[in-house]
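Quick caveat, the model's predicted, so the values are computed rather than measured. Convention: sequence-line order gives letters A, B, ...; per-chain numbering from 1.
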Amino acid sequence: MKANYLDELNEQQREAVIHINGPLMIVAGAGSGKTKVLTTRIAHLMRNGVDAFNILSLTFTNKAAREMKERVEKILGGSEARNLYIGTFHSVFARLLRGEAHRLGYPSDFTIYDTDDAKSVIKTIINELNLDDKHYKPSFVYNRISAAKNSLMAPEEYLMDNLVQTEDMRANRPLIGKIYDMYAKRTFKNGAMDFDDLLFKMYVLLKSFPEVLHKYQHKFKYIMIDEYQDTNPAQYEIIKLLGAVNENICVVGDDAQSIYSFRGATIQNILQFEKDYDDVKVVKLEQNYRSTKSILNVANEVIAHNKGQIEKNLWTDNTEGDTIKLVRTMTDNEEGKFVADTIAEQKLRNHYDNRDFVILYRTNAQSRSFEESLRRKAIPYRIFGGLSFYQRKEIKDFVAYLRITMNTRDEESLKRVINYPVRGIGKTTIEKTIVLSNEHNITMWEVLERAREFGFKGGTVEAIEAFVVMIKSFQALLTTHNAYDVAVGVGKSTNLVKELFNDKTTEGLARYENVQELLNSIKEFTETPDEEGELLDKSMGSYLQQITLLTDADQGNDENSDVVKLMTIHAAKGLEFPVVFTVGLEETLFPSGMSINTREELEEERRLFYVAITRAKARLWLTYANSRYRFGNLVQNEPSRFLEEMPEKFIDRSYAGGGSVRNAFGGGNTSGWSNSGNMFDRMQRKTPGQQQQQQQPVQKPAPKPTFSGATTHVPSADFAPDDPAGMVPGMQVEHQKFGFGTITAMEGAPNNRIATILFPKGGGEKKIMLNYAKLRIVK
DNA sequence: GTGCCTAACGTTTTT
DNA sequence: CGTTAGGCAC
């Protein structure tokens, strides 16, 4: 261990590190060296005789856990760090639950359902109850159930709770409690836990089995929790239980960066920590080592608009640095182009590498325009988040085989693979199996095992038996082979790999490669030593439980690859970059239109903006578009209210540069609003139709006139969709597909109008939703 | 039972 | 606009 590790800390940091016993709260401002303090503190504990086996460190992302482990290893120099229990709440609890699952009636190889799996179960239940899944939307129900679990409310309590019941009644969805109850029973029957169960069941376990609680209270003598501001009541109660004996709880957080309330996190946990324990030591880390003065000042002033914070004063010794550039573009595509152009320019001018840039947005859907513009300029990039690798269909299919092999109770997986690839077990047979399993109160798998007994006949029973034999052969493999060999065996026997291999389409090729990647990851898992310390658990069960908790950001952590990164602001928490583009700063987008109805929601959006700003070390661009495509139609956006909250002094509002915008349209109207007047005054309102034309000054050549059937219409050379707002009955219009027609009637809400149009050559009268149709006004 | 076509739907944010 | 789920025809 390095002897001088304490010398590298400032006074407050050191104070936090050397506090060994008793509750400790570290209020760590953005960029104040939080991870350094946490890792050094772990090293310091160990140096003072604390056994690594007795330290539990909880984080929110696998990435943070990995980083922490690496940095502790670096300080300690030895292999002792391996014995630390470092991980996310979910992964640590999954591991603990695995060892204790039998007490709760779960198999130790319980399946972990991701959000999609859970919603699928919920949807099944909704259909079983003969409810309308358009009214009882699975995602809505899922969120209610999730919220219940995160506040430790079991189905029975949910049904009895007046407040909750009133809410459901008011939302006209009184049966959510019933669905929750059935969902809990069903997932239990399936031997499966969803994300929230990993917390909820952990709590139940500790609460119901005093000997288990005792065991872990004495194992985890020192507990550290990162990002404490993002913990929910379930996590809070578990920590309280685990730490009750020793009270060596160290929480680290920043109330200004609390951005996960939608997941049940409550900022109260950190605000109240001092009241939860006696003699809480509070340390504030207020020196920022990350950002320039300009960036930090803007961040501080923005966050000052929130009420009720822990008082702190974040400052920096760094240089003032560049001003923050505020950029307006006409459209989202121009925004993308501007950012790509600026990255190219900055690389030349200031010698940055691709890896120095990040593009941060509010919603994943915004990535598209940036992807396109970066691709066009041949700038390599990588998107973090979005669709996880493990959510892809081909991966889910493959994993479902592995899951059913490990846990035959898992009906979600069973239903997924029972007839894929096609083996002659159709809908009718599956329905029948479900009915039988309900009648006899056994699992679907048990029905299949005894198919002949239950009266399945002919080809069906043969197909079922072949399927059962196959899965059993996989189970047999498990006892003799490692996870990788089993997976390869599964791939061969099921023909899954072959099927994808034979699909020579581009998508088929990609799918084949994805499955190969999955196999590689299993191989890697079996071959590398277990990072989590503890027992070397190389089983398939362990692998499967782990992958569900991985996010895309954890995949391919080739941090060194020189690419521009794109991610949501949520995903960027805890990271830093020399140059940051925060994009889409428009009302209804950021702040999100979903989050402007209460002060609490709006303040969380503002904290999100604060997080975005404070990712930047040296340079920060804030961009927004005058109008952008949303659901396929062009919408106007006002600049985000947050832009008005920034101090003028550090902002360069005249900056609309980057070349492209100005060059394309001769300057003038795109150059932001400099010093005079209200910034909104100078925004020119344009109709979508006008913008469309400005965007494409050069008309695309008309499609080649090819032979077409009587129903196919070849659009006119100058075909360009017009603003539907101006369309009224009597007008002549041209539809891309149906040809020329006359509007005969108009109905629907003003923002969602439906026109009845008579197309003489295009199949008669049709109802067209104006929001989605491409129509050109002829006259 | 499979594949194709149409209609409907969607955008918060994630473990 | 893009995707996807469900209905319908082979």
Exercise. Could you check which of B:dC9, B:dT15, B:dT13 has an atom nearest any side-chain atom of A:Lys134?
Key: B:dC9
Quiz item: According to a strict under-4.0 Å criterion, is A:Thr568 in side-chain N/O contact with OP1 or OP2 of B:dT14?
Solution: yes
Quiz item: Is the closest basic N to carboxylate O distance between A:Glu334 and A:Lys337 below 4.0 Å?
Solution: no
Quiz item: Any side-chain heavy-atom pair from A:Glu587 and A:Asn637 closer than 4.5 angstrom?
Solution: no
Self-check item: Aromatic-base stack, A:Phe60 on B:dT15, cutoff 5.5 Å, angle under 30
Solution: no
Self-check item: Closest listed nucleotide, where the reference is the side chain of A:Arg368 and the choices are B:dG1, B:dT14, C:dT3
Solution: C:dT3
Self-check item: A:Asn232 side chain near B:dT15 phosphate (N/O to OP1/OP2, under 4.0 Å)
Solution: no
Quiz item: A:Phe140 ring centre to A:Arg173 NZ or CZ under 6.0 Å, with the angle to the axis within 45°?
Solution: yes
Exercise. Hey, can you tell me if A:Phe60 and A:Tyr260 have their rings parallel, tilted or perpendicular (30° and 60° cut-offs)?
Key: parallel
Quiz item: Given atom CZ of A:Phe140 and atom P of B:dC9, what is their separation to the nearest angstrom?
Solution: 17 Å
Quiz item: Are A:Arg606 and A:Tyr610 in a cation-pi setup, meaning NZ or CZ lies under 6.0 angstrom from the ring centre and within 45 degrees of the ring axis?
Solution: no
Self-check item: Rounded interatomic separation in angstrom, taking CG from A:Asn150 and C1' from B:dT13
Solution: 15 Å
Quiz item: Taking CD1 from A:Ile259 and C1' from B:dT14, how many angstroms apart are they, rounded to a whole number?
Solution: 10 Å
Quiz item: Within the structure shown, what part of the strands sits under 4.0 Å from A:Lys393 by heavy-atom distance: base, sugar-phosphate, or nothing?
Solution: nothing
Solution key, residues 425-435 of chain A side-chain donor-acceptor pairs under 3.5 Å, sequence neighbours excluded:
unit_1   : atom_1 : unit_2   : atom_2 : d
A:Thr433 : OG1    : A:Thr429 : O      : 2.7

Practice problem: Return the nearest nucleotide to the side chain of A:Arg630; candidates are B:dC9, B:dT13, B:dT11. | Solution: B:dT11
Exercise. Answer with base, sugar-phosphate or nothing: what part of the nucleic acid does A:Tyr260 contact at a heavy-atom distance below 4.0 Å?
Key: sugar-phosphate
Quiz prompt | Nearest-nucleotide 5' precedence on DNA chain B, A:His90 against A:Asn419 | solution = A:Asn419
Exercise. Tell me, with the steps shown, if A:Asp117 and A:Lys396 meet salt bridge (Lys or Arg N to Asp or Glu O under 4.0 Å).
Key: CA-CA 10 Å; A:Asp117 299 322; A:Lys396 285 217 113 177; 2.8 Å; yes
Self-check item: Euclidean distance, atom CG of residue A:Leu199 to atom C1' of B:dT15 [Å, nearest integer]
Solution: 8 Å
Can you name the atoms? Protein N/O to nucleotides 6-9 of chain C N/O, anything below 3.5 Å, with the distance.
unit_1 : atom_1 : unit_2   : atom_2 : d
C:dG6  : OP1    : A:Lys123 : NZ     : 2.7

Exercise. Nearest-nucleotide wise, let me know which of A:Ala365 and A:Phe195 is further upstream toward the 5' end of DNA chain B.
Key: A:Ala365
Exercise. Could you grab the distance from atom CG of A:Asn269 to atom CG of A:Asn232, nearest 0.5 Å is fine?
Key: 8.0 Å
Self-check item: Nearest-angstrom distance from the residue atom CG of A:Asp116 to P of B:dT14
Solution: 14 Å
Quiz item: Touch check for A:Lys573, heavy atoms < 4.0 angstrom, all strands: base, sugar-phosphate only, or nothing?
Solution: nothing
Quiz prompt | C1' spacing across the pair B:dT13 / C:dT4, given as an integer number of angstrom | solution = 22 Å
Exercise. Check the distance between B:dT11's C1' and A:Leu589's CG and give it to me in whole angstrom.
Key: 9 Å
Quiz item: Where the side chain of A:Phe631 is defined as all heavy atoms beyond and including C-beta, which of B:dC9, B:dT14, B:dT11 is the nearest nucleotide?
Solution: B:dT11
Quiz item: Which is true for A:Phe590 with a 4.0 Å heavy-atom rule: it touches a base, it touches only sugar-phosphate, or it touches nothing?
Solution: nothing
Practice problem: Could you tell me the separation between the CZ atom of A:Phe384 and the P atom of B:dT15, rounded to a whole number of Å? | Solution: 13 Å
Practice problem: Tell whether A:Thr115 reaches the base of B:dT15 with its side chain through a donor-acceptor pair below 3.5 angstrom. | Solution: yes
Quiz item: Taking atom types as modelled and ignoring hydrogens, do the side chains of A:Asp116 and A:Gln391 form a donor-acceptor contact shorter than 3.5 angstrom?
Solution: yes
Exercise. Would you tell me if any nitrogen or oxygen in the side chain of A:Lys137 comes within less than 4.0 Å of OP1 or OP2 on B:dG10?
Key: yes
Quiz prompt | Rounded interatomic separation in angstrom, taking CZ from A:Phe262 and P from B:dT13 | solution = 8 Å
